[in-house]
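Following: one structure in structure tokens, then a few remarks.
Basis for what follows: all heavy atoms, side chains included, without hydrogens, waters or symmetry-related copies.
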There are 2 protein chains.
Amino acid sequence: MQTGQTRRYHHGDLRAALLTRAEETLKEKGPAALSLRELARDLGVSHAAPSRHFKDKQALLDALAEAGFDRLGEALAASQETADESFADRLGALARAYVGFATANAELLDLMFSIKHDPAASDALIKASQGMSVLGLHLIEDGQRRGEVREGPVASIATPLFTTLHGFAALAVSGALPSGTLKTDLEYVIAHTLRGCAPDAPGPA
Amino acid sequence: MQTGQTRRYHHGDLRAALLTRAEETLKEKGPAALSLRELARDLGVSHAAPSRHFKDKQALLDALAEAGFDRLGEALAASQETADESFADRLGALARAYVGFATANAELLDLMFSIKHDPAASDALIKASQGMSVLGLHLIEDGQRRGEVREGPVASIATPLFTTLHGFAALAVSGALPSGTLKTDLEYVIAHTLRGCAPDAPGPA
DNA sequence: ACCTGAACACCGTTCAAGT
DNA sequence: ACCTGAACACCGTTCAAGT
């Protein structure tokens, strides 16, 4: 039956389609313009259909954020595989991957770190964000083993690192950092962070 | 005429009243619950009245953000006046003031650095945020003069500092940092930043 | 100048009912 | 199981009209 009509067309996966379309309009028209009714219209279903897959508008946003964390995690992990073995290289690659993701997904990052998540979804979210920081921990432990990172509790280095990375990404995304000097600013930040991580003894033994 | 009735009661400053009430509900019920109509109801005016003072809902949010930047700037400036003269002390005071403001005004900080500002208000906003970073510049130049901060272009130190401060505040506010260890985490970050700022020669001349 | 009241075009959410 | 259609209680914005 090749009627040529688009039919109701949603035998398929409405849930996934909603998420995909939501991220598109998020990027195109901003978070304020994201409405369940418009999403349903775009997908050719009734406005009540989405409620079968997301109990809430917030539930959809949470799912979007969770997917964002997954993808950010993947991007960060990938950056480590193409990087050199040295701590400096790995840190640089991590930083560039984080900021790259942030600028390419500005609205999504905003959503991921906004404070509206209901407690139910928060569990999944903090789990996802923790998986991210595990990567930082490994990076530092490895650097300590190689003697390229100062000794001390991992958290005393991992937290400042995570904090700095995210701060740069967040400021770049919000436009608080002049976009003209963004690249050199990032290099400044990487260099500064390396300094903070360096071991005490400057010369060779 | 002491009728005891509350009358229409808005001879006064509706604009200021709207801003005050908006920030209250922002803090109490979150940004999603902030509606112009409810604000008007709370203040005993018609739902169309706010439009005389803010052309838009966004215009009100922008004004809120701008006031936030002003207050943050004041808090940071105040932190410098009670602080010791040493760079370490001044940096610590600045960091604690920033994080203190952030945790006390979580939703407001979120709003201040979100990406929805219309270009008209953005001018005022970036001006306010620049006034903030000027403070950081002075701090560093002073530290360099005192020999407590390494030489080099101010931006190469100021940007990492601003970035780290804001990142910590943003993560704390979003709940991505475990709130139990928040205090020691902040001390870790301050110590790490001091390390990154320290001059090269470790011992006295 | 400042505000009201009605109107318009949207929302999110719920719920009986269809297939 | 998945979706529709109607209904409800809200929105933001605009605009004539009042004082």
Side-chain angles (χ1 to χ4, degrees), chain A residues 1 3 5-26 28-65 107 111 114 116-118 120-121, chain B residues 1 3 5-26 28-65 107 111 114 116-118 120-121:
Chain A
M1 299 171 195
T3 54
Q5 318 256 60
T6 30
R7 291 198 46 73
R8 289 264 157 264
Y9 116 79
H10 253 129
H11 47 298
D13 196 346
L14 179 57
R15 196 194 135 93
L18 283 166
L19 285 174
T20 315
R21 186 79 191 110
E23 196 174 338
E24 284 172 19
T25 70
L26 184 68
E28 285 164 15
K29 309 199 276 179
L34 205 142
S35 107
L36 288 181
R37 283 178 109 110
E38 189 178 5
L39 246 39
R41 246 178 274 133
D42 290 351
L43 264 45
V45 297
S46 91
H47 65 259
S51 75
R52 288 294 128 185
H53 302 275
F54 301 100
K55 82 174 231 298
D56 235 12
K57 186 182 185 182
Q58 189 56 52
L60 186 147
L61 295 180
D62 288 342
L64 225 44
E107 301 84 2
L111 196 149
S114 65
K116 308 167 214 158
H117 314 289
D118 52 309
Chain B
M1 300 168 196
T3 56
Q5 319 255 62
T6 29
R7 292 197 46 74
R8 287 263 157 266
Y9 115 79
H10 251 132
H11 48 299
D13 197 344
L14 179 55
R15 195 194 134 94
L18 283 166
L19 285 173
T20 314
R21 186 78 191 111
E23 195 173 338
E24 285 172 19
T25 69
L26 185 67
E28 285 164 15
K29 307 199 277 179
L34 206 142
S35 108
L36 288 181
R37 282 177 109 110
E38 189 178 6
L39 245 39
R41 243 178 277 133
D42 290 352
L43 263 47
V45 297
S46 90
H47 64 259
S51 75
R52 289 293 127 187
H53 302 276
F54 302 100
K55 81 174 230 296
D56 235 12
K57 185 182 187 182
Q58 189 56 53
L60 186 147
L61 295 180
D62 288 342
L64 225 44
E107 302 82 3
L111 197 148
S114 65
K116 309 168 214 157
H117 314 290
D118 53 309

Here the gap from Glu28(A) atom CD to Leu34(A) atom CG, rounded to the nearest 0.5 Å, amounts to 11.0 Å

Give every pair of a protein N or O atom and an N or O atom of nucleotides 8-11 of chain C that lie under 3.5 Å apart, one pair per line with the distance.
unit_1	atom_1	unit_2	atom_2	d
dC11(C)	OP1	Arg41(A)	NH2	3.3
dC11(C)	OP2	Arg41(A)	NH2	2.5
dC11(C)	O5'	Ser35(A)	OG	3.4

Under the side chain to side chain contact (heavy atoms under 4.5 Å, CB included) test, residues paired with His53(B) that sit two or more places apart: Leu14(B), Arg15(B)

Decide yes or no on side chain to side chain contact (heavy atoms under 4.5 Å, CB included) for Leu36(A) and Leu18(A), but give the supporting numbers first. CA-CA 9 Å; Leu36(A) 288 181; Leu18(A) 283 166; 5.9 Å; no

Rounded to whole Å, the CG-P distance (Leu43(A) to dT4(D)) equals 11 Å

Between Asp13(A) (CG) and dA1(D) (C1'), how many Å, whole number? 14 Å

Looking at residues at least two apart in the chain, or sitting in another chain, which of them share a side chain to side chain contact (heavy atoms under 4.5 Å, CB included) with Gln58(B)? Asp56(B), Leu61(B), Asp62(B), Lys116(B), His117(B), Asp118(B)

Heavy-atom pair of closest approach, residues Phe54(B) and Ala63(B): CE2-CB, 3.8 Å

Enumerate, in order of first residue number, the stems that involve DNA chain D, defined as 3 or more consecutive Watson-Crick or G-U wobble pairs with both distances under 3.5 Å. C:4-8 with D:12-16, C:12-16 with D:4-8

Between Phe54(A) (CZ) and dC2(D) (P), how many Å, whole number? 13 Å

For Ala40(B) versus Ser46(B), what's the shortest heavy-atom pair and its separation? CB-O, 3.5 Å

Polar atom pairs between nucleotides 14-19 of chain D and protein, under 3.5 Å, N or O only, would you list them?
none

With rounding to the nearest 0.5 angstrom, report the CG to CD distance, Leu19(B) to Glu23(B). 8.5 Å

Here the pair of heavy atoms bringing Leu60(B) nearest to Ala22(B) is CD2-CB, 3.8 Å

Tell me the interatomic distance from His53(B), atom NE2, to dG12(D), atom P, rounded to whole angstroms. 16 Å

If we check side-chain contact (heavy atoms from CB on, under 4.5 Å) with Glu107(B), which of these qualifies: Leu64(B), Leu26(B), Thr25(B)? Leu26(B)

Sequence neighbours excluded, the answer for side chain to side chain contact (heavy atoms under 4.5 Å, CB included) partners of Glu38(A) is Lys29(A), Ser35(A), Arg41(A), Asp42(A)

